[in-house]
Structures are given as structure tokens and as C-alpha cells.
Protein chains: 4
Amino acid sequence: MNKVFLIGRLTREPELRFTPGTGIAVANFTLAVDRNYVGQDGQKQADFIPVICWRKLAEVVANNLGKGRLVAVSGSIQTSSYQAQDGSKRYKVEVVADEVKFLDWPKDNKDDGGVDGFYPVDGDEDIPFR
Amino acid sequence: MNKVFLIGRLTREPELRFTPGTGIAVANFTLAVDRNYVGQDGQKQADFIPVICWRKLAEVVANNLGKGRLVAVSGSIQTSSYQAQDGSKRYKVEVVADEVKFLDWPKDNKDDGGVDGFYPVDGDEDIPFR
Amino acid sequence: MNKVFLIGRLTREPELRFTPGTGIAVANFTLAVDRNYVGQDGQKQADFIPVICWRKLAEVVANNLGKGRLVAVSGSIQTSSYQAQDGSKRYKVEVVADEVKFLDWPKDNKDDGGVDGFYPVDGDEDIPFR
Amino acid sequence: MNKVFLIGRLTREPELRFTPGTGIAVANFTLAVDRNYVGQDGQKQADFIPVICWRKLAEVVANNLGKGRLVAVSGSIQTSSYQAQDGSKRYKVEVVADEVKFLDWPKDNKDDGGVDGFYPVDGDEDIPFR
DNA sequence: TTTT
DNA sequence: TTTT
């Protein structure tokens with residue numbers, strides 16, 4: 001069992017890429033998740049969690065989310081290792097999202113029509129994926 | 001919201017340390033969490049997740065767990081940054097445990113007496129903490 | 001381990017009561033949580049989950065939330081049994097909240113001033129409790 | 001979002017049934033989940049949570065689990081209403097499992113062969129489902 | 001109706 | 001008895 005639930009805001013635009021041979025969509029973003037407590041010396045009060053998602057979910061995320069947007073993410077923790085430029089082994093820990101739920105919608109958003117009624121209004125729209 | 005649930009096995013003995021000035025106990029271990037799927041090319045089938053715990057929980061973990069033990073962990077994801085030896089900034093992602101539940105007990109364990117039947121057998125013992 | 005995470009909307013005002021002798025605050029509400037799928041025959045598309053909370057959290061909830069508000073709840077499932085009016089034994093299953101995070105704020109809300117910008121806007125406000 | 005994680009023991013054998021027309025497998029069981037705290041007056045220290053599962057998972061559960069077995073369940077809370085015998089409306093709250101992980105294996109178990117190597121040993125075996 |  |  002490996003389950004994660006996060007609610008936080010994107011620190012920047014998601015990055016969308018495609019796997020070289022197979023052309024599968026991958027999106028990366030960082031989620032700023034506020035801590036409930038404050039550091040005794042005013043230190044960092046948020047965790048900045050790297051999130052990755054794949055395929056249809058990657059595209060929905062890349063096409064609909066931007067810096068500052070509030071989302072809920074469910075998924076799991078994935079670890080991997082890779083070779084750094086200096087040849088040393090480095091370890092990566094990130095969250096693989098399998099659901100991303102939009103929890104707000106920009107107030108100044110003008111585009112509130114949307115094709116064929118699909119439109120993530122009021123955070124009550126689930127992302128179709130997989 | 002920042003919630004994590006893991007079930008897996010310790011890859012080695014937990015490391016117990018104490019904070020310099022204040023002497024607060026900290027334990028670190030890595031949890032091997034099996035994936036449900038297998039890589040198409042026989043790749044890695046487990047995630048190796050760094051876990052940290054504090055105070056009483058750190059001591060209970062260090063005194064009772066060892067390599068191969070099966071546990072359930074609940075907690076949250078914590079990120080931090082630090083200076084690497086070469087001066088570059090590096091990022092760390094780990095799980096801060098706030099509950100660790102023992103789910104097995106070594107079969108070859110001889111010490112199965114304990115006062116008045118109190119003994120963390122069968123994974124039904126909750127770790128008192130905080 | 002007994003952990004629950006929900007995101008949904010209140011179906012009505014929370015009910016605030018106090019325990020008879022001790023005067024401890026208790027609040028009850030129902031959370032409508034949309035399902036991701038639709039019934040093949042247009043059946044119910046939401047679960048209506050009973051939630052209870054205690055003490056300070058009960059008061060914050062009762063004083064700040066109303067019908068239609070979007071929240072995230074973390075807690076656990078609690079079961080109990082009781083005597084029905086006809087003397088038969090009945091079983092109750094509900095969620096005991098230990099965190100409630102506000103995820104929206106009513107649009108027509110006039111009270112958006114607050115001292116020095118502190119105001120639970122944008123779902124980024126954590127409920128202090130316990 | 002509607003997510004549940006439980007670790008507990010079955011209070012009895014699972015019940016396996018099949019839907020009337022379509023013959024889909026359904027299994028029901030109750031999970032006894034110990035509470036971390038004790039009632040001030042020695043009250044109940046466990047929650048008895050109704051769990052339902054479907055199809056392949058229902059069959060695996062019914063064929064492999066019995067009273068007292070320790071499992072981890074992930075799933076969601078589902079509510080429904082029905083007509084009681086006296087005509088009154090009654091509400092049901094239960095957990096729909098989508099993963100069940102075996103965490104122990106009976107000590108006195110003689111049947112440790114199993115067809116084609118499939119055998120839930122050491123709690124490290126995931127239930128294949130869906 | 002409750003498990004260890 | 002159900003929310004948007």
C-alpha cells in the first residue's frame with residue numbers, strides 16, 4: 001500500500017513533455033502544501049512536493065492548470081535513482097498522481113463557456129483519466 | 001492536507017540520533033513498498049521511501065524494529081533543501097511518520113514472554129507517541 | 001489504522017449541541033461527496049456521509065460553515081450501536097473529523113475585510129483545533 | 001475525493017453472494033479496527049466496519065480470508081438508503097474495498113502449497129483484482 | 001452479531 | 001432529509 005493525499009497550490013505552470021519513442025504525455029509540477037504549524041524561528045511553512053502525471057491526466061493538467069491554482073491530488077510515492085552529471089548516484093522521490101481535482105477557478109477567468117459543456121466549474125468537476 | 005499511508009518492510013536497521021543541543025531523538029529508516037505492477041522490462045518493483053520520526057516514536061522504532069520488519073506508516077511528506085558538499089543546492093523529500101504500526105513479529109523471536117501478556121505480537125500493538 | 005479523506009459539500013447547516021453534564025461541543029453535518037462515475041440507470045451520483053466533530057473544531061465548523069460549502073475532511077470511521085424506539089438494536093457508522101479545511105468561500109460574502117488581510121479566503125486557511 | 005484506509009481483523013467468515021440476474025460476485029465482511037485510545041469507562045475499543053467488495057476481489061477474499069485474519073483495506077465510503085421491513089426508510093454506510101492486502105497467514109495453516117505458485121505469503125502478496 |  |  002502506497003497512498004498519498006495532498007491539497008495545495010501549483011508553484012508554476014505544469015511542464016508537458018512526451019516520451020521519446022512512444023510519445024506518451026507526461027506532466028510535472030510542484031505543489032506547495034501549507035503546513036499546519038509554524039517553525040519556531042519563522043522557517044519555511046510549506047512543503048514543495050514534486051508531482052508527475054501521465055497520459056490523459058497529464059494533458060488535462062497541462063491544459064487547465066497554472067501557477068497558484070488549488071488542487072487535490074491522490075496518488076502514490078515513487079522513488080527512482082539516476083546518474084548525476086558528476087557521475088554520482090542521486091535519488092529522486094516524487095508523487096505520481098492518479099487523480100487531480102480542481103478546487104478553484106481563477107476569478108478573472110473570461111473563458112467560461114467551453115466546448116460541449118465540459119468545464120471544470122466550482123471544483124466539483126472530476127478529471128477523467130486513464 | 002498532506003497525508004501518507006504506507007505498508008512495507010524496513011530495508012535495514014533504523015538509525016537513531018539525537019539533536020545536538022536539545023537531545024531530541026530522531027530515527028531514520030527506509031521502507032521498501034512493493035508495487036502492484038511489474039515493469040514491462042523487469043525493472044524495479046518496489047519504491048524505497050525515506051522515513052523519519054521523532055521523540056518517543058523514534059525510540060520505539062529504533063528499539064523494536066529491524067531489517068525486514070513489516071510496518072504500516074501514516075504521516076506526511078516533508079521537503080527541505082540543503083547545501084551539498086560541492087556547494088550546490090539539493091532537495092530532500094521524505095515521509096515524517098506520526099504513527100508506525102507493527103504488522104509482524106520475527107518468527108525466531110525468543111523473547112515472547114513479557115510482563116502480563118503485554119507484548120507487541122501480531123501487529124495489533126499501537127505505538128504510543130507524541 | 002483507520003483513516004478517511006473526503007472532499008464534498010455540506011447538505012445543510014451543521015447542528016451544534018453540547019453534551020449534557022460536561023457541556024462539550026459536538027457538531028454534526030452531512031457531506032455530499034460526488035462519485036466519479038454515473039449509475040448506468042441514472043442512479044444516485046453522490047454519497048451522503050454523516051460527519052461528527054468535537055470541541056473547538058465543532059464550534060469553528062458550526063460558526064463558519066453552511067449548506068453548500070466545499071470542505072476537505074480528514075478523520076476516521078467510528079461505529080456504535082444504540083437502541084431504536086421500537087427496542088431493536090441499530091448500528092451507526094459515521095466519520096469523526098479531526099481536520100476540516102475550508103475550500104471555498106461564499107461569493108456573495110460581504111464580510112471580506114478582516115484585520116490585516118487575515119481572512120480564510122481561497123481555501124488556504126486551516127482550522128485550528130484540539 | 002472519497003478515500004479510506006483500514007487495518008483490522010475480520011470478525012467472521014466473509015459472506016459470498018451473486019447478483020440475481022447478472023451473477024456478479026459480492027462479498028461482505030466486518031472489520032474490527034482497534035482504537036488507539038481506551039474509553040474512560042472501559043467502553044468499546046474497536047470499530048466494527050462493514051466492508052463490501054465485488055467481482056474478482058470478492059472471490060479472492062471469500063476463498064482466502066476467515067475470522068481473525070489481519071488485512072489492510074483501501075477503498076471509499078458508500079452510502080445508500082433502503083426500505084426496512086416496517087416500511088421506514090433506513091440508511092446504510094459501508095466501505096467499498098478496491099484493494100485488500102493480506103497481512104498475516106494463520107500459524108496452523110497446513111495448506112502451504114497452492115496452485116501455480118500463487119500464495120499470499122508473508123503479507124507481501126497483493127490481491128489481483130478488477 | 002463482533003477481531004487479536 | 002441531501003450538496004454544486
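Order of the sequence lines fixes the chain letters, A, B, ..., with proteins taken first and strands second; residue numbering starts at 1 for each chain. What you see is a predicted model, and the numbers here were worked out from it, not measured in a lab. The figures that follow rest on heavy atoms only: side chains count, while hydrogens, waters and symmetry mates do not.
- Straight-line distance from the CG atom of D:Leu6 to the C1' atom of E:dT2: 15 Å, rounded to whole Å.
- Taking atom NZ of A:Lys101 as the reference point, atom P of F:dT3 lies 16 Å away to the nearest angstrom.
- The shortest distance between side-chain heavy atoms of D:Asp47 and D:Leu6 does not fall below 4.5 Å.
- Taking only side-chain atoms of D:Phe48, from C-beta outward, the nucleotide of E:dT2, F:dT2, F:dT3 with the closest atom is E:dT2.
- When rounded to the nearest whole Å, the span between CG of C:Leu65 and C1' of F:dT3 equals 13 Å.
- Following rounding to the nearest Å, C:Asp47 (CG) and F:dT3 (P) show an atom-to-atom distance of 14 Å.
- Residue C:Ile49 contributes atom CD1, which lies 12 Å from atom C1' of F:dT2 at whole-angstrom precision.
- Each of E:dT2, F:dT2, E:dT4 was ranked by its minimum atom distance to the side chain of D:Asp34; first place goes to E:dT4.
- Taking the six-membered ring where the residue is Trp, B:Phe5 and C:Phe5 present tilted rings, their angle falling between 30° and 60°.
- A straight line from CG of C:Leu103 to P of F:dT4 spans 15 Å, rounded to a whole angstrom.
- If you check every strand for non-hydrogen atoms under 4.0 Å, D:Gly8 touches nothing.
- Inter-residue side-chain proximity for C:Thr19 and C:Val26 is flagged as met; some heavy-atom pair is nearer than 4.5 Å.
- Closest to the D:Tyr91 side chain, of the nucleotides F:dT2, F:dT3, E:dT3, is F:dT2.
- Residues that satisfy the salt bridge (Lys or Arg N to Asp or Glu O under 4.0 Å) test with A:Glu59, not counting sequence neighbours, are absent from this structure.
- F:dT2 atom P lies 16 Å from atom CG of C:Leu31, rounded to whole Å.
- Put simply, NZ on C:Lys67 is 8 Å from C1' on F:dT3, counting in whole angstrom units.
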